[in-house]
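Reminder, nothing fancy here: chain letters follow the sequence lines and each chain counts from 1.
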Amino acid sequence: MNIDQTIGMVTADAVKALYNVDVASGEVQVQKTKKEFDGDVTIVVFPFVKAARKSPEDAGKEIGEYLVKNQPFIVAYNVIKGFLNLVINKSFWIGELNSIYSNEHYGIKQPADDARLMMIEYSSPNTNKPLHLGHIRNNLLGYSISEIQKANGWKVVKTNIVNDRGIHICKSMLAWKLFGNGETPESSGLKGDHLVGKYYVIFDKKYKEEIKQLMSDGMSEEDAKKNAPLILEAQNMLRAWENGDLEVRQLWEMMNGWVYAGFDETYKKLGVDFDKIYYESETYLEGKSKVEEGLEKGAFYRREDGSVWADLTAEGLDEKLLLRADGTSVYMTQDIGTAKLRYDDYPIDKMVYVVGNEQNYHFQVLSILLDKLGFEWGKSLVHFSYGMVELPEGKMKSREGTVVDADDLVEEMISTARETAIELGKVDNNSEEEIDNVARVVGLGALKYFILKVDPRKNMTFNPKESIDFNGNTGPFIQYTHARIKSVLRKAEEQGIALTSELDKGLEISDKESTLIQTLSEFETVVRQAGEEFSPALIANYVYDLVKEYNQFYHDFSILREEDMELKRFRLVLSACVARVVKAGMSLLGIEVPERM
RNA sequence: GGUCCGGUAGCUCAGUUGGAUAGAGCAACUGCCUUCUAAGCAGUAGGUCAUGGGUUCGAAUCCCGUCCGGAUCACCA
């Protein structure tokens, strides 16, 4: 039980004893006392004034009086404007610290054998262009959410659905075939995903030229878009692909192979991974057959041109296309098939899709469709909908070349971290290998923290010119604090000072120190809340607060120079716990922390 | 137009189920390194929480209206 729960309970008892009113302990409003007031925890008295028939001031005093008298760990109180501030015994806090230190996995639940299983889908790239900043947010969120749910006791299967088929893939294939002159990653030295992306852009360019030409010949824009030779040929290619045409399939396999090699490199660099990867080329047929099934059951209907639709007007939505007139499948069809295969493969208790909020409507529809098809889990799927990443000028647009490439960005972060370290003179005695590693960890830490600290549901702005800061509320700031603590702990070890989880509870410690312990004790609650709300940002902001507080302590107090051996030991244990929570918290964000920097 | 999301300091963001005088960082200005890492600490300045009502002991937070921004409503994914 944490301090808030304990206080809630004893306060409920007090209210019962004083006013004979039953209050659920969970309903007592307990909060951390603000800096400007005396005390550790604060109880909001207003809810009790009616029952007490007293002014908030008087009721607060009575409850405070009662608590101090009956609870040995509460040593003093004060009431200000209806807020009852309680001072907690220092020995209570030292006890808390002892218990935190003795638990190696403090705050992180270990997976149980009978744990429920959550499947989390994230990343989900198309194989026609390289990853960009938007994908980075998706990947970081997906990975972090997975770690957070594991820490809350879930079994997690991280999955990736690769969109490796469809008209857009055919576009880059066709462009390569027509204009590529046999270029390969080996021949040009271009990373595979970038090479394929290049031909996707070329297709778009040539296609536009054709449209323009047709329009100048007198065709309407709409007709020109439909009848341009390139788009017709791409559609041909898609049909050939679906019919298993050998040549098309070989080209497809070769180009996808290039893309996967490129993606793997980027994933590895970012430090994200997957337990199971699905490919839409392997799931879309399943989707088609489920749609046919639904058609037979009367859940869907076929139009005169042969296309298949779902009528969702009864649900307040539109009609939705499920199969095109030529029989080829669309995005929705594939998602239905993928969902089915997944539930065949795993005993999923909860399915989570990490997909941008531009697809809110899609998942609303998917949920209803799965339900109509008789999947009992259709209604309960979770669309973890996150906001877009925008540039100062607005949305990223690939056609205008304003897309921030994932590989470029990561490289830039790392080299900036490296330059900063050199500027600050942090690299004097280090090996080249260590300098590289710290630059990598810090550069990535800056990027990841920057993205994860903001509420995932909100759109965010990324300014590449200002790049990302290494001071203030940033990843490197947190990493730096960790490195400083580690440095102190190494020196303590050299001096042969042993840490212990049996610190003397009679030690005189400062308010700053007990506040730090209080913040440490909040970690469990924060992890739980981050899991419930799917919010890495809660973890990020918590770790920042903790670190900020620790730095104040570090500045104001001596650790190794403290003469009182027991106090020195206490501060070392406190520091060690902070380092551990920082490391654990950052690891929930997928961010490494260095031993020195 | 329908539906959904958002608007907090010059900029980027916090602000738990309604609680005290709305907080950080960046940018600007000022101090602090012969002692555990200054990627740090302390301070100054910066706010009509878009806006108008309502609910109540109390509203950035909940409800309604208005303004502004974004997403979506494709035989794209």
Side-chain angles (χ1 to χ4, degrees), chain A residues 26-27 29 31 33-34 36-37 42 44-47 49-50 56 80-83 85 124 126 128 163 166-169 226 235 280 303 305-309 316-318 320-326 328 330-332 334-335 356-362 364-365 385 387-388 390 392 394-395 417 420-421 423-424 426 442 446 450 453-455 457-463 466 469-481 483-492 525-526 529 533 537-538 540-541 544-545 548 551-552 554-562 571-572 575 596-597:
Chain A
E27 280 175 19
Q29 293 181 49
Q31 50 195 261
T33 303
K34 295 202 169 193
E36 53 268 41
F37 304 106
T42 298
V44 183
V45 182
F46 292 106
V49 297
K50 211 170 175 187
I80 298 168
K81 290 169 73 177
F83 294 86
N85 303 317
S124 309
N126 293 333
N128 62 344
N163 192 301
I167 187 72
H168 54 295
I169 310 295
K226 279 183 187 162
Q235 283 161 356
E280 285 189 353
R303 286 188 184 171
D305 64 2
S307 57
V308 176
W309 295 74
L317 304 174
D318 279 319
K320 188 74 192 174
L321 175 83
L322 298 176
L323 286 176
R324 294 190 186 100
D326 65 3
T328 55
V330 292
Y331 187 41
M332 189 61 78
Q334 295 163 175
D335 262 359
N357 61 14
E358 56 194 354
Q359 294 192 34
N360 285 355
Y361 182 72
H362 174 80
Q364 203 184 339
V365 172
S385 162
M388 299 290 100
E390 286 163 5
K395 260 195 98 169
T420 307
E423 260 171 44
L424 293 172
K426 304 274 184 186
V442 172
F450 182 86
K453 77 173 175 183
V454 327
D455 185 337
R457 290 175 306 235
K458 292 188 182 173
N459 288 359
M460 63 179 292
T461 307
F462 181 90
N463 189 338
E466 291 171 12
D469 248 299
F470 287 64
N471 303 313
N473 186 358
T474 66
F477 169 82
I478 293 164
Q479 291 169 319
Y480 176 69
T481 305
R484 279 212 302 202
I485 295 175
K486 284 303 199 168
S487 170
V488 173
L489 293 177
R490 275 193 300 273
K491 289 190 169 131
T525 311
V526 172
Q529 205 180 342
E533 297 181 20
L538 291 179
N541 288 312
Y544 173 69
D545 287 341
K548 180 134 188 67
N551 278 332
Q552 290 161 357
Y554 181 92
H555 181 266
D556 293 345
F557 294 84
S558 301
I559 302 170
L560 293 170
R561 287 189 306 275
E562 169 58 46
R571 287 178 185 160
L572 285 166
S575 300
R596 36 171 72 86
M597 71 184 266

- Item | Separation of B:A74 C1' from A:Lys320 NZ (nearest whole Å) | 7 Å
- Compare side-chain N and O positions of A:Tyr361 against OP1 and OP2 of B:U72 and report whether any pair is under 4.0 Å apart. no
- Message: Does A:Asn85 reach a base, just sugar-phosphate, or nothing at all? Heavy atoms under 4.0 Å.
- Response: base
- Note on the structure: Of A:Lys453, A:Lys458, A:Arg457, the one forming a salt bridge (charged side-chain N to carboxylate O under 4.0 Å, His left out) with A:Asp455 is A:Arg457
- For A:Lys426, report the nucleic acid contact type (base, sugar-phosphate, nothing); a contact means any heavy atom under 4.0 Å. base
- Note on the structure: Of B:G15, B:A38, B:G70, the nucleotide closest to the side chain of A:Tyr554 is B:A38
- Task: Select one nucleotide: of B:C36, B:G25, B:G19, the one nearest the side-chain heavy atoms of A:Leu560.
- Result: B:C36
- If you look at every strand shown and take non-hydrogen atoms under 4.0 Å, does A:Thr42 touch a base, only sugar-phosphate, or nothing? base
- Item | Integer-rounded Å distance: B:G6 C1' and A:Arg457 CZ | 11 Å
- In whole Å, what separates the P atom of B:A24 from that of B:C41? 12 Å
- Between B:G18 atom P and A:Glu27 atom CD, what is the distance in whole Å? 12 Å
- Item | Side chain of A:Phe450 (C-beta onward), nearest among B:C13, B:U12, B:U37 | B:U12
- Could you go step by step and tell me if A:Arg324 and A:Thr328 meet the side chain to side chain donor-acceptor pair (under 3.5 Å) rule? CA-CA 5 Å; A:Arg324 294 190 186 100; A:Thr328 55; 3.0 Å; yes
- Task: Determine the contact category for A:Gln359: base if any of its heavy atoms lies under 4.0 Å from a base atom, sugar-phosphate if only primed atoms, P, OP1 or OP2 are that close, otherwise nothing.
- Result: base
- Nearest 0.5 Å, what's the CD-CG distance between A:Glu533 and A:Leu538? 5.5 Å
- Message: What is the distance, to the nearest angstrom, from the CD1 atom on A:Ile559 to the P atom on B:U35?
- Response: 16 Å
- Message: Classify A:Asp545 by what it touches in the nucleic acid, base, sugar-phosphate, or nothing, heavy-atom distance under 4.0 Å.
- Response: nothing
- Is any N or O donor-acceptor pair between the side chain of A:Asn551 and the base of B:A39 shorter than 3.5 Å? no
- Note on the structure: Of the candidates B:A20, B:U37, B:C13, the side chain of A:Arg484 sits closest to B:U37
- Report yes if at least one side-chain N or O of A:Lys453 is closer than 4.0 Å to OP1 or OP2 of B:A24; otherwise report no. no
- Just checking A:Phe83: base, sugar-phosphate only, or nothing, at a heavy-atom cut-off of under 4.0 Å? base
- Item | Note, A:Val488 side chain near A:Tyr554 side chain (heavy atom, < 4.5 Å) | yes
- Task: Check every strand shown and say whether A:Met460 touches a base, only sugar-phosphate, or nothing at a heavy-atom separation below 4.0 Å.
- Result: sugar-phosphate
- Task: Pick base, sugar-phosphate or nothing for A:Gln364, based on heavy-atom distances below 4.0 Å to the nucleic acid.
- Result: nothing
- Scan A:Val44 against the nucleic acid and name what it touches under 4.0 Å (heavy atoms): base, sugar-phosphate only, or nothing. base
- Message: Under 6.0 Å between ring centres: does that hold for A:Phe477 and A:Tyr544?
- Response: yes
- B:U12 C1' sits how many Å from A:Lys458 NZ, rounded? 12 Å
- Heavy atoms under 4.0 Å, any strand shown: does A:Glu533 hit a base, just sugar-phosphate, or nothing? nothing
- Query: Given B:C36, B:A77, B:C41, which nucleotide is nearest the side-chain atoms of A:Val488?
  - Reply: B:C36
- Note on the structure: Checking B:A74, B:C36, B:A39 against the side chain of A:Leu424 (C-beta onward), the nearest is B:A39
- Message: At 4.0 Å (heavy atoms only), tell me whether A:Ala421 reaches a base, stays on the sugar-phosphate, or touches nothing.
- Response: base
- Query: Would you say A:Arg596 reaches B:C36's phosphate, i.e. side-chain N/O to OP1/OP2 under 4.0 Å?
  - Reply: no
- What does A:Phe46 touch in the nucleic acid at a heavy-atom separation under 4.0 angstrom: a base, only the sugar-phosphate, or nothing? base
- Message: Could you tell me how far B:G6 sits from B:A42 if I compare only their P atoms? Round to whole Å.
- Response: 34 Å
- Task: Remember a base hit wins even if backbone is also touched, and classify A:Thr461 as base, sugar-phosphate or nothing at under 4.0 Å, heavy atoms.
- Result: sugar-phosphate
